[in-house]
Amino acid sequence: MPALVLVGAQWGDEGKGKATDLLGVGVKTSGGTEPPTRVDYVVRYQGGNNAGHTVVTPDGISYALHLIPSGVLSPDVVPVIGNGVVIDPGVLLEEMDGLVERGVSVDKLVISADAHLIMPHHRALDRVSERYLGKARIGTTGRGIGPAYGDKVARTGIRVQDLLDPKILRDKLEGTLREKNQVLTKVYNRKGIDLDAVCDEYAAYAERMAPHIIDTGLLLNRALERGEVVLLEGSQGTLLDVDHGTYPFVTSSSPTAGGACAGSGIGPTKISRVIGIVKAYTTRVGSGPFPTELLDDDGERLRSVGGEVGVTTGRPRRCGWYDAVIVRYASRVNGLTDLFLTKLDVLSGWERIPVCVAYEIDGVRVDEMPMTQTGFHHAKPIYEFFDGWDADLSKARDFADLPGEAQAYVRALEGMSGAPISAVGVGPGRDQTLVLRDLVG
């Protein structure tokens with residue numbers, strides 16, 4: 001069985017945790033029953049603890065996961081942190097301990113030896129440099145993700161495998177701090193990082209992490225050779241991709257399907273389905289252009305009804321109407337085979353629902369993503385309007401149960417978004433997903 005890729009088709013926060021559950025991760029209930037597990041490995045392939053997934057079990061128990069893949073909630077799934085992730089060991093261990101306290105085993109968790117580590121100097125530089133940008137700030141979470149990826153590309157990064165060799169770790173860190181401390185103290189007038197203190201801190205992390213560190217690329221490729229199912233889940237979304245997103249207001253990695261290959265060690269010929277997760281409206285967190293953003297009562301209503309607060313940051317999300325232009329772009333960039341539409345229930349109660357079908361830029365209609373940053377900043381949405389509905393969708397268990405207006409809305413989005421809609425979410429629960437086409441078979 002080839003691998004499946006799960007990507008966000010907007011700016012992130014689309015509901016990937018719910019989609020992972022639908023794909024057969026099999027979260028156990030308090031009564032001991034669970035659906036058949038159809039996924040053997042769930043892989044986080046990029047990002048750091050600047051993003052999160054929320055998974056709600058059939059019992060209504062909510063888990064907010066940041067670094068650990070959602071597969072950890074199933075006893076039959078191996079959760080994998082791939083080589084494309086940057087890891088803050090303190091955060092990872094805290095998340096592991098929190099799960100254990102709630103009765104979730106982390107014994108099967110494996111971590112790529114090639115993943116890069118977030119170090120104290122990364123966090124310090126991230127926070128101070130963002131403040132110095134002033135109005136040009138990107139809106140980072142200040143957790144050191146960008147500087148860690150910067151060092152990775154500059155070939156000065158420190159990797160998980162370096163935890164296993166204290167001498168190598170100290171030598172690398174000493175060379176790095178020789179430069180970073182100069183920047184912190186002389187450019188930003190901040191306190192430098194103490195080499196000995198960091199070495200001691202990370203030695204303690206190494207002791208706990210060592211049993212989980214393996215060659216994950218080898219593990220996953222052998223699993224695929226045996227016919228097992230590997231699910232690759234990205235964090236953030238397509239429009240935050242460092243290459244294909246709304247640069248420079250992006251993350252520092254590649255959440256797109258291409259990033260899944262680079263961040264896991266799985267070749268592209270082994271991927272059979274690429275599933276894009278998309279909300280029935282649009283949100284984003286942080287700075288940057290957002291053509292359909294609503295700064296009125298409709299925007300506040302979407303935020304309130306949709307519970308639009310960041311899983312990791314707690315920041316309120318910016319809200320707007322569905323933007324078919326960016327979803328078509330995401331379909332093209334990722335080669336989407338399917339779309340999973342979430343939060344359709346949030347739109348109940350509007351008399352008319354606008355959908356952005358194109359942009360106007362300097363008086364000219366543009367149907368595809370503008371080529372330049374300037375063009376996207378100047379984009380004004382061109383809307384088509386669809387009849388709303390006033391029914392509670394949360395009780396629907398089949399697509400035919402939806403009001404005719406809601407069905408028409410979904411079909412209209414499908415026709416303008418570049419990929420078939422294979423599932424529709426009408427609430428956070430497992431039974432609140434309407435499956436139009438099997439996503440694993």
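Worth knowing before you read on, the calculation uses all heavy atoms, side chains too, and leaves out hydrogens, waters and symmetry mates.
- Applying the ring-ring contact (aromatic ring centres under 6.0 Å, His included) rule to Y149 yields no partners; only residues at least two apart in sequence or on another chain are considered.
- Partners of Q432 according to the side chain to side chain donor-acceptor pair (under 3.5 Å) rule, which considers only residues two or more places apart in sequence or in another chain, do not exist here.
- Side chains of V183 and H121 form no contact here, defined as non-hydrogen atoms less than 4.5 Å apart.
- Residue pairs meeting the ring-ring contact (aromatic ring centres under 6.0 Å, His included) criterion with at least one member in residues 270-308, sequence neighbours excluded: W11-F290.
- Residues forming a side-chain contact (heavy atoms from CB on, under 4.5 Å) with D392 (at least two apart in sequence, or on another chain): S394, K395.
- Under the side-chain contact (heavy atoms from CB on, under 4.5 Å) criterion, D398 pairs with A400, D401, not counting sequence neighbours.
- In this view, D298 and W350 satisfy the side chain to side chain donor-acceptor pair (under 3.5 Å) rule, not counting sequence neighbours.
- Among all heavy-atom pairs drawn from R143 and D126, the shortest one is N-OD2, 3.3 Å.
- In this structure, CD on Q46 lies 5.5 Å from CD on Q236, to the nearest 0.5 angstrom.
- Every residue two or more places apart in sequence or in another chain that forms a side chain to side chain donor-acceptor pair (under 3.5 Å) with T283 is listed here: K279.
- For the residue pair D241 / T256, a side-chain donor-acceptor distance below 3.5 Å is found, with atom types taken as modelled.
- Y41 meets the side chain to side chain donor-acceptor pair (under 3.5 Å) test with R226; sequence neighbours excluded.
- Counting only N and O atoms by type, the side chains of D151 and H116 include no donor and acceptor under 3.5 Å apart.
- Every residue two or more places apart in sequence or in another chain was checked for a side-chain contact (heavy atoms from CB on, under 4.5 Å) with A262, and none qualifies.
- T246 and Q373 form no side-chain donor-acceptor contact under 3.5 Å, judged by distance and modelled atom types alone.
- For Y205, the ring-ring contact (aromatic ring centres under 6.0 Å, His included) partners are Y202, not counting sequence neighbours.
- Remark: the backbone N or O of V355 is not paired with any side-chain donor or acceptor of E384 at under 3.5 angstrom.
- Contacts classified as ring-ring contact (aromatic ring centres under 6.0 Å, His included) and involving residues 398-417 (residues at least two apart or in different chains) are given here: W389-Y409.
- A side-chain hydrogen bond (donor to acceptor under 3.5 Å, both in side chains) check over residues 91-100, counting only residues at least two apart or in different chains, returns the pairs D97-R208.
- Listed for the R318 side chain is a donor-acceptor partner under 3.5 Å among the backbone atoms of G286.
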